[in-house]
Amino acid sequence: MSVKKRESPKSKSGSPRKKRERTRRQIACNLLTMFLVFLRTILDWAIDFVFSFLYEEQKFQLPPVENELLLQSATSIAGKIKNKEISCEEVVRLFIQRIELVNFKINAVVDNRFPEAIEEAKVIDKQIVNNEIDFSKKPFLGVPFTSKESTAALGQNFSIGSLKRKHEKAKEDAYIVERLKSAGAILLGVTNVPELCLWSETRNMVFGQTNNPYNLSRTVGGSSGGEAAIVTACGSPLGLGTDIGGSCRMPGFYCGVYGYKLTTGCINTRGMGFRNGKEPKTMVSGGPIVKHAEDMLPFIKCIVIPEKLPLLKLDRKHDLKQLKVFYIEQPGDLKVSSVNGEMIGAIRKCVRALDEITVVPAEKLENIKQFEKSYDLWRYWMSKEPGNYASALVNNEGEACWWLETIKVFLGVSQHTLPAIMKLIDTQLPLPKDQWAQDETDKLKKKLTDLLADDGVLIFPPCPTPATYHYTTFFRPYNFAYWAIFNVLGFPVVSVPVGLSKDGLPLGVQIVTSTNNDKLCIDVANYLEKQSVIGWEPPFRRN
Ligand SMILES: *[C@@H]1O[C@H](CO)[C@@H](O)[C@H](O)[C@H]1NC(C)=O
Ligand SMILES: *[C@@H]1O[C@H](CO)[C@@H](O)[C@H](O)[C@H]1NC(C)=O
């Protein structure tokens with residue numbers, strides 16, 4: 001826009017003529033925005049229309065579970081093992097059978113340790129019979145779990161979806177894997193991720209593409225795409241995710257399960273991709289991907305660094321009547337498609353349910369202008385992450401050259417996926433100004449911290465629409481920004497499932513609290529699930 005920006009301080013309150021001019025400028029701006037949003041909506045519709053022809057034949061549905069145990073929470077399975085209602089070996093075998101039944105369609109699990117898991121289960125069964133177990137130290141004793149292929153798990157594939165690392169196996173467990181194992185959980189295998197975990201679809205040159213269990217034509221999101229897919233398909237009761245730009249929450253949302261991101265800084269990052277756990281400040285965090293809200297609290301108690309536990313006040317009890325509820329329907333980043341009607345419906349449903357019990361009425365927040373720059377802020381802070389992307393792309397053996405790689409992609413001879421190259425090109429482009437990005441981040445953090453304090457939640461859209469067709473994310477590369485903005489802030493967030501859309505795809509919302517208020521976040525999710533406002537709905541017929 002060629003409008004003059006600078007004005008002398010005096011003209012601020014200015015003459016009527018100046019005021020009129022400002023109003024006119026404002027109206028012109030609003031009209032332009034409306035026009036852009038309209039254009040964008042038409043384009044989005046056209047993309048989906050074209051892709052729907054490619055996928056209309058896709059009628060496959062996952063088979064129902066043969067055993068009800070597969071539907072249950074990890075907490076209740078742990079209880080049954082403890083009370084000797086079922087043996088650990090039976091549990092492990094049931095989940096292995098389920099993986100074997102569904103995986104060829106969804107391609108979620110990319111390496112496994114089934115024989116070892118069964119042996120470990122047998123040992124646990126013996127120990128239980130002989131009363132050798134201190135259950136207080138083993139909250140998930142005998143419960144199977146899965147983890148991302150990009151998170152080191154001793155002896156499992158560790159390619160991070162990169163062809164250069166095709167034959168790499170992990171030589172030790174990542175910190176968070178180690179912690180879950182020491183809580184008694186049994187690792188079944190590792191699951192698919194995008195190349196270097198940096199894309200909103202789970203597809204790479206090593207293992208191919210993961211498909212959405214609700215409809216194989218749709219994406220599972222990324223980067224914990226394999227995790228969310230196998231959890232909702234009932235092949236694993238506990239998924240261990242990591243999250244730097246929505247990686248737990250996005251696949252959680254697309255696959256109709258809970259995807260949780262802990263307050264940043266509460267886990268050790270050793271073994272998460274190339275990280276050694278000693279990096280300074282980072283946006284990366286992690287958390288559970290599970291079908292049932294009750295599993296989140298015990299799960300995070302297992303993986304948080306013990307010294308950080310007191311910070312999170314996980315034993316605090318919240319009186320939800322005193323809760324302050326805030327919500328946003330359209331955060332307004334113009335790079336992101338508009339949030340659609342069904343998604344707004346999900347937000348309103350959650351807000352209404354909370355409004356019924358709280359003393360203070362829910363408040364809709366508008367015009368928080370930093371949310372309009374969600375993507376730019378995340379991109380800025382991504383550039384401050386440790387590591388060099390161009391070298392990571394070639395497994396730290398030299399550096400990838402962006403223009404050479406771009407040519408190779410278009411000639412179809414590249415070793416990399418297109419998103420990986422897009423990211424490489426992106427590292428060449430100018431960044432937002434330091435001062436601007438840091439100021440805006442501080443302002444947003446302060447505003448929300450003051451607003452939410454210790455007793456407020458923000459209900460926020462996860463993204464504009466339910467899971468879209470494979471490959472359509474290339475046309476909407478910024479649509480993950482409403483997840484990513486909370487990595488910028490470091491707040492705890494959970495993406496929760498709120499029923500299915502008219503196309504049978506999961507809807508959802510994000511529940512956000514301020515730093516270290518993870519317990520409140522989880523309490524609200526548990527409450528809404530108990531009221532049947534939110535909750536997992538299986539991607540197959542119930543028997
Ligand atoms: C999957 O999506 C396609 C295209 O939208 C649709 O025609 C098909 O009925 C869906 N399949 C299922 C199982 O819902
Ligand atoms: C991943 O693990 C499986 C099973 O151990 C193995 O057969 C396969 O070759 C591995 N994949 C790659 C690309 O190394």
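Each ligand, and each atom within it, is numbered from 1 in the order the structure gives. Source: prediction; values computed, not measured.
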Task: R249 side-chain N/O to K261 backbone N/O, donor-acceptor pair under 3.5 Å - done: no
Open item on the list: Treating N107 as the side-chain partner and F207 as the backbone partner, does any N or O pair qualify as donor plus acceptor under 3.5 Å?
Closed with: yes
TODO: For this output row, return yes or no: ring centroids of F371 and F460 closer than 6.0 angstrom.
DONE: yes
TODO: Please check if atom CZ in F474 has more than 12 non-hydrogen atoms from other residues, nucleotides or ligands closer than 6.0 Å.
DONE: yes
Task: R218: numbered ligand 1 atoms lying under 4.0 Å from its heavy atoms - done: 2 (O), 4 (C), 5 (O)
- [ ] Output the list of atoms in ligand 1 that are nearer than 4.0 Å to some heavy atom of S217, sorted by atom number.
- [x] 2 (O)
Task: Taking atom 11 (N) of ligand 1 as the reference point, the nearest protein heavy atom with its distance - done: Q58 O, 2.7 Å
Task: Closest protein heavy atom (residue, atom, distance) for atom 3 (C) of ligand 2 - done: D111 OD1, 3.6 Å
Open item on the list: Any side-chain to backbone donor/acceptor pair from D111 onto E149? Under 3.5 Å, distance only.
Closed with: no
Open item on the list: One residue to check: F540. Relative to ligand 1, which of side chain, backbone, both or neither has a non-hydrogen atom less than 4.0 Å away?
Closed with: neither
TODO: Say whether Y214, considering both its backbone and side-chain N or O atoms, lies within less than 3.5 Å of an N or O atom on ligand 1.
DONE: no
TODO: Inspect the contact between E90 and R93 and indicate whether a charged nitrogen and a carboxylate oxygen are less than 4.0 angstrom apart.
DONE: no
Open item on the list: Can you confirm whether more than 12 heavy atoms, excluding those of F38, are under 6.0 Å from its CZ atom?
Closed with: no
Open item on the list: My question is simple, although I want it checked carefully: is atom 7 (O) of ligand 2 less than 4.0 angstrom from any protein heavy atom?
Closed with: no
Task: Closest approach of any protein heavy atom to atom 4 (C) of ligand 1, naming residue and atom - done: Y469 OH, 3.5 Å
- [ ] Would you confirm whether the ring centroid of Y471 sits within less than 6.0 angstrom of the ring centroid of F475?
- [x] no
Task: Enumerated ligand 2 atoms positioned under 4.0 Å from heavy atoms of V206 - done: 13 (C)
- [ ] Please indicate whether any nitrogen or oxygen in E56 is less than 3.5 Å from any nitrogen or oxygen in ligand 1.
- [x] yes
Task: Y55 neighbourhood, listing ligand 1 atoms whose heavy-atom distance to it stays under 4.0 Å - done: 3 (C), 4 (C)
Task: Contact check, N112 vs ligand 2, heavy-atom distance below 4.0 Å - done: no
Task: Mutual orientation of the aromatic rings belonging to F49 and F53 [parallel < 30°, tilted 30-60°, perpendicular > 60°] - done: perpendicular
- [ ] For F60, counting its heavy atoms only, list the atoms of ligand 1 lying under 4.0 Å from any of them.
- [x] 13 (C)
Task: Nearest protein heavy atom with distance in Å, relative to atom 10 (C) of ligand 1 - done: N215 ND2, 2.4 Å
Task: Under-4.0 Å salt bridge between E178 and R270 - done: yes
Open item on the list: If we only consider heavy atoms of E57, is any one of them less than 4.0 Å away from an atom in ligand 1?
Closed with: no
Task: Residue-ligand contact E168/ligand 2, heavy atom below 4.0 Å - done: no
Task: Within-shell test, G504 vs ligand 1, heavy atom, strictly < 4.0 Å - done: no
- [ ] Going by heavy-atom distance to atom 14 (O) of ligand 2, choose the closest among H167, K169, M205, K166.
- [x] K166
- [ ] Give the residue and atom name of whichever protein heavy atom lies nearest to atom 1 (C) of ligand 2, and the separation in Å to one decimal.
- [x] N157 ND2, 1.7 Å
- [ ] Flag the pair Y260 / F299 as yes when their ring centroid distance falls below 6.0 Å, and as no otherwise.
- [x] no
Task: atom 9 (O) of ligand 1 - nearest protein heavy atom and its distance - done: K59 NZ, 2.9 Å
Task: Salt-bridge present (R113, E120; N to O < 4.0 Å) - done: yes
